[in-house]
Colleague: 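Have a look at this one before I ask anything.
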Number of protein chains: 2
Amino acid sequence: MSSSSTTADDILRCARSLIIKGGYNSFSYADISDVVGIRKASIHHHFPAKSDLVRAVVAQYRQEAAAALTALESHIPDPHEQLRAYVGYWETCISDASHPFCVCALLAGEIPVLPEDVVVEVRAHFRQLSDWLTAAFERGAAEGSVKLTGTARETAETFMATVHGAMLSARAYGNAAAFGAVTAPLLNRMTA
Amino acid sequence: MSSSSTTADDILRCARSLIIKGGYNSFSYADISDVVGIRKASIHHHFPAKSDLVRAVVAQYRQEAAAALTALESHIPDPHEQLRAYVGYWETCISDASHPFCVCALLAGEIPVLPEDVVVEVRAHFRQLSDWLTAAFERGAAEGSVKLTGTARETAETFMATVHGAMLSARAYGNAAAFGAVTAPLLNRMTA
DNA sequence: GTTCGTCTACCAACTGGTAGGTAGCTTGTC
DNA sequence: GACAAGCTACCTACCAGTTGGTAGACGAAC
């Protein structure tokens, strides 16, 4: 259970990037089999059903996101700069095409056709991110470095939605710069 | 070509609502066959390949959207109220669950796995909507009823992204009210 | 008498998933 | 130190059901 089993990690990594490409129904165990260099049946050994695999991908993603947001909080004291760093992270991911979409934002669009346990994880990610953003806006407003529109929660929800919509626009236009074009006014407006 | 062929329309309508549910790869000709009450092979008579069908769905959707936006423009003179009406339209669609997602916003997320001709249509919708919003913001700013953040184009792109992200949030939370919670601050902030 | 819409009957490829076997490692016991 | 037992990770071989798509026949309508 410690570390040796890199195969399960390889499968998770591969599944993640396939999900980012086109969601739950856009990939199969055969696709993973090709990339990881393992037989289809062996994937079922690690993740009995497809829903198990995708749930594991989202759970791992959420854990990493939580850790990254906590790290960001401890490295950057100013809430305004934290929000900028969050957006900057995605700007980098999109422009180098390494990880050009939030796993949960993509899966959220497919929720009506997703297995229930995956839906639960996706929903939890939205709550988690909204909570973090709300806290940042609250501190920022208290310190006077950030301007709210409505409550901190409302401002955070609007902020999150805009970032997700910006990912969609970048894909639609086939142009990574579209992400920055959307988020730059968002960040500017944030300043009191 | 005139009107008699309602079957093709039935197929288009059905395909549209299936796409709204979960995107390109979440439905099959068999699903449509069940709903429309026609054999799979007969669907192929109207739309030889799946990409033809989906391209037609998006093309029809774009045409309807263009007509609706034009109508909205002629009925509501004030640009600020036009933008409010646009958001209100989606708020209604989402709360009565009749049509709870923009076809093109959903497909945009899946672009890397979509047939090229569908991608072209989706991209065209984003341009079309962005143009309409930009024009509204330009007029609104000129008349003083709307406040810009950056250029009219930038403001429009941010506005569009926020509305799309709000659809995603409503799905993720499983709560139609989440759409309004995101868009209310968006509309309030718009006021000079 | 040809065009149109639908049908039945196929198809190969792929889907997620299962059954059963095997090689290698670890563990407990004599 | 030998050896059986159990476990893990992988394999081949298979499954039924579904996928998008085709061929060709039929009746109705213009």
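All values below come from the heavy atoms of this structure, side chains included, with hydrogens, waters and symmetry mates left out. Here the structure is a predicted model, which means the values were calculated and not measured. Chain letters run A, B, ... following the sequence lines, proteins first and then strands; every chain starts at 1.
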Colleague: Take atom CD1 of A:I38 and atom P of D:dC10, then tell me their distance rounded to the nearest Å.
Modeller: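 Value for this atom pair: 4 Å.
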Colleague: Indicate yes or no: does A:E64 engage A:R16 in a salt bridge with an N to O separation below 4.0 Å.
Modeller: yes
Colleague: Just the rounded figure in Å: distance from P of C:dG16 to CG of A:L18.
Modeller: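 Rounded to whole Å, this separation is 11 Å.
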Colleague: Let me know, please, whether A:H45 or B:F27 comes out on the 5' side of the other along DNA chain D by nearest nucleotide.
Modeller: A:H45
Colleague: Just checking A:F159 against A:H164, ring centres under 6.0 Å apart?
Modeller: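 No: the rings miss the under 6.0 Å criterion.
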Colleague: Under 4.0 angstrom, heavy atoms only, what part of the nucleic acid is B:A30 near: base, sugar-phosphate, or nothing?
Modeller: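 Sugar-phosphate: the residue B:A30, judged by heavy atoms under 4.0 Å, touches backbone atoms but no base.
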Colleague: Determine whether a donor-acceptor pair (one donor, one acceptor, N or O, separation below 3.5 Å) exists between the side chain of A:K50 and the base of C:dG17.
Modeller: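 When only heavy-atom distances are counted, A:K50 does not reach the base of C:dG17 through any donor-acceptor pair under 3.5 Å.
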Colleague: Would you indicate, yes or no, if C:dG5 has its OP1 or OP2 atom less than 4.0 angstrom from a side-chain nitrogen or oxygen of B:T7?
Modeller: no
Colleague: Tell me the interatomic distance from B:R39, atom CZ, to D:dG24, atom P, rounded to whole angstroms.
Modeller: 21 Å
Colleague: So, is A:S42 close to the D:dC11 phosphate, meaning a side-chain N or O under 4.0 Å from OP1 or OP2?
Modeller: yes
Colleague: Do A:S130 and A:R153 have side-chain N/O donor and acceptor atoms under 3.5 Å apart?
Modeller: yes
Colleague: List the atom of A:R171, the atom of B:R123, and the distance in Å for their closest heavy-atom pair.
Modeller: O-NH2, 4.3 Å
Colleague: Respond yes when some side-chain nitrogen or oxygen of A:H46 is under 4.0 Å from OP1 or OP2 of D:dC10, and no when none is.
Modeller: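 For D:dC10, OP1 or OP2 has a side-chain N or O of A:H46 closer than 4.0 Å.
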Colleague: Side chain of B:A41 only, heavy atoms from C-beta on: which candidate in D:dG21, D:dT12, C:dT8 is closest?
Modeller: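 From the listed options, C:dT8 comes nearest.
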Colleague: Once you round it to whole Å, what is the distance between P of D:dA9 and CD1 of A:I11?
Modeller: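 It is 10 Å, rounded to the nearest whole Å.
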Colleague: Any salt bridge linking A:R139 with A:E73? Criterion: basic side-chain nitrogen under 4.0 Å from a carboxylate oxygen.
Modeller: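 Salt bridge flag = yes for A:E73 with A:R139.
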Colleague: How close or far is atom P of C:dC14 from atom CG of A:N25, stated in whole angstroms?
Modeller: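 Checked: the CG to P distance equals 17 Å.
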Colleague: Scan A:S28 against the nucleic acid and name what it touches under 4.0 Å (heavy atoms): base, sugar-phosphate only, or nothing.
Modeller: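 Answer is sugar-phosphate: A:S28 comes under 4.0 Å of backbone atoms only.
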Colleague: If I take atom CD1 in residue B:I43 and atom P in nucleotide D:dT22, what distance separates them, rounded to the nearest angstrom?
Modeller: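 Whole-Å distance recorded here is 14 Å.
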Colleague: Between atom NE2 in A:H44 and atom C1' in D:dC15, what is the gap in whole Å?
Modeller: 12 Å
Colleague: Measure NZ/B:K40 against P/D:dG21 and give the value in whole Å, please.
Modeller: 10 Å
